[in-house]
Amino acid sequence: MSDLNNSEVKFFLLIGIPGLEHAHIWFSIPICLMYLVAIMGNCTILFIIKAEPSLHEPMYYFLAMLAVSDMGLSLSSLPTMLRVFLFNTMRISPNACLAQEFFIHGFSVMESSVLLIMSLDRFLAICNPLRYSSIITSNRVAKMGLILAIRSILSVLPFPITLRRLKYCQKNLLSHSYCLHQDTMKLACSDNKINVIYGLFIGFCIMLDLALILLSYVLIMKTVLSIASLAERLKALNTCVSHICAVLTFYVPIITLAAMYRFAKHKSPFAVILIADMFLLVPPIMNPIVYCVKTRQIWEKILEKLLHICGK
């Protein structure tokens, strides 16, 4: 592979589920359905927010950013997962592998950043409602979105650059049906210390986002508990349910996977693959469903559009 320092490896090999290769075609059916639901759900969110002027508010702009990052995660991993499970095609070129992991990690950082900004939005809406509209304006939301996109790109840009500098000799078998930075760097036969350190740095940044989200909810709970009326408390907390679900579906697989790699001595390859796939498949599916169910304005507009189409 002349592209990667003239190493002997000419391609990488992806895997599906070890020991169940004969059943890959059956696994491809639910995977295809999950991707279809994820793409349709997030496209619906984006269409409704764009088409309805009444939803042109900061809260829904943040939701649109979340839908974009979910779409990015889905579309980044979709091509290789379908190739492995549907067509049993394991090979992937080094350049395609590096490009895929750039987009997967980039949209992961973007989703983490969006969840952090959404927690700030909920914090201001509950803890400082009188100044909320003056602080969170549409102009500032647009600037936040631009900053998040730049942060995501710059954060993961060193991944493919540093990986290209490594030498890959004999090993070329990856651990998933898509490319990840930590998976690819382990195949290198040259010094990958820089990759290890920078990968830990990005992991620390994502965990810092989670810590700040937890801090915002501690402050939210402090404010909510100071409200005298139980009905008002429940009403305030109800506005956070969708965001809490999004945080759990995104961070729980990441933390579980990290704990398994760190502490599990005899971890099951199937369990590792399943949890890693959940990280890419579950948030893009669950977020549109939860927000459509819990956000009255969105499902009312969706129902209105459906009735309008049926009426024609």
Side-chain angles (χ1 to χ4, degrees), residues 35-75 107 110-152 209 213 216-217 220 224 232 234-250 282-312:
Y35 272 116
L36 184 63
V37 171
I39 292 171
M40 289 184 62
N42 286 290
C43 283
T44 301
I45 292 285
L46 292 172
F47 171 76
I48 292 296
I49 292 175
K50 183 179 185 300
E52 291 298 327
S54 61
L55 300 182
H56 292 178
E57 298 177 3
M59 172 183 169
Y60 300 105
Y61 291 148
F62 289 131
L63 180 55
M65 293 180 195
L66 185 65
V68 169
S69 60
D70 282 334
M71 284 275 290
L73 276 179
S74 296
L75 295 176
F107 282 111
M110 181 176 178
E111 179 135 354
S112 179
S113 303
V114 172
L115 290 174
L116 174 59
I117 294 299
M118 293 177 80
S119 72
L120 174 63
D121 174 74
R122 291 299 84 209
F123 167 75
L124 290 173
I126 293 174
C127 300
N128 201 348
L130 297 179
R131 295 188 60 194
Y132 174 80
S133 58
S134 62
I135 296 174
I136 305 296
T137 62
S138 298
N139 187 38
R140 283 179 179 166
V141 170
K143 291 179 180 178
M144 288 180 190
L146 180 60
I147 292 172
L148 294 185
I150 294 173
R151 181 207 183 197
S152 303
D209 289 348
I213 291 171
S216 69
Y217 273 102
I220 287 172
V224 169
E232 290 297 322
L234 295 176
K235 182 179 179 181
L237 289 176
N238 190 53
T239 63
C240 301
V241 171
S242 300
H243 181 257
I244 292 173
C245 291
V247 170
L248 291 176
T249 56
F250 180 76
V282 174
I285 293 173
M286 292 302 299
N287 289 342
I289 294 174
V290 170
Y291 273 97
C292 286
V293 171
K294 292 296 297 178
T295 309
R296 179 178 57 83
Q297 293 90 334
I298 291 180
W299 64 257
E300 281 183 352
K301 295 300 180 182
I302 292 175
L303 185 61
E304 184 180 308
K305 292 288 183 183
L306 291 174
L307 291 175
H308 180 69
I309 293 173
C310 293
K312 289 185 177 181

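This is a predicted model, so every value here is computed, not measured. Numbers here are sequence positions counted from 1.
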For this session: Begin from the C-alpha positions of Val141 and Ile117 and carry the test side chain to side chain contact (heavy atoms under 4.5 Å, CB included) through to its verdict.
Result: CA-CA 10 Å; Val141 170; Ile117 294 299; over 6 Å; no

Exercise. Would you call Leu120 and Ser216 a side-chain contact if the rule is heavy atoms closer than 4.5 Å?
Worked result: no

Exercise. Quick one: CZ on Phe250 to CG on Leu66, what's the gap to the nearest 0.5 Å?
Worked result: 9.5 Å

Exercise. Taking side chain as C-beta onward, heavy atoms only, is Ile244 less than 4.5 Å from Arg122?
Worked result: no

For this session: In sequence, state the C-alpha distance, the side-chain angles, and the governing distance for Glu111 and Asn287, and then conclude on side chain to side chain contact (heavy atoms under 4.5 Å, CB included).
Result: CA-CA 11 Å; Glu111 179 135 354; Asn287 289 342; 3.4 Å; yes

Problem set entry | Intermediate values then yes/no, side chain to side chain contact (heavy atoms under 4.5 Å, CB included), Met118 and Val247 | CA-CA 10 Å; Met118 293 177 80; Val247 170; over 6 Å; no

For this session: May I have the step-by-step check of side chain to side chain contact (heavy atoms under 4.5 Å, CB included) for Ile135 and Arg140, ending in yes or no?
Result: CA-CA 8 Å; Ile135 296 174; Arg140 283 179 179 166; 4.2 Å; yes

Problem set entry | Any Ser134 side-chain heavy atom under 4.5 Å of Arg131 side chain | yes

Problem set entry | Residue pair Asp121 / Tyr132, side-chain heavy-atom distance below 4.5 Å | yes

Seminar exercise, completed: All heavy atoms of Val224 vs all of Ala236, minimum pair found to be CG2-CB, 4.1 Å

Seminar exercise, completed: Taking every heavy atom of Leu115 against every heavy atom of Ala246, the minimum-distance pair comes out as CD2-CB, 3.8 Å

Exercise. Are side-chain heavy atoms of Cys292 and Thr44 found at a separation under 4.5 Å?
Worked result: no

Problem set entry | Side chain proximity check, Glu57 to Phe62, heavy atoms < 4.5 angstrom | no

Seminar exercise, completed: Closest heavy-atom pair, Arg151 versus Asp209, reported as atoms and distance to 0.1 Å, is NH1-OD2, 3.2 Å

Problem set entry | Heavy-atom check, side chain of Leu55 versus side chain of Ile48, under 4.5 Å | yes

Exercise. Is a side-chain N or O of Asn42 found less than 3.5 angstrom from the main chain of Ala38, in a donor-acceptor match?
Worked result: yes

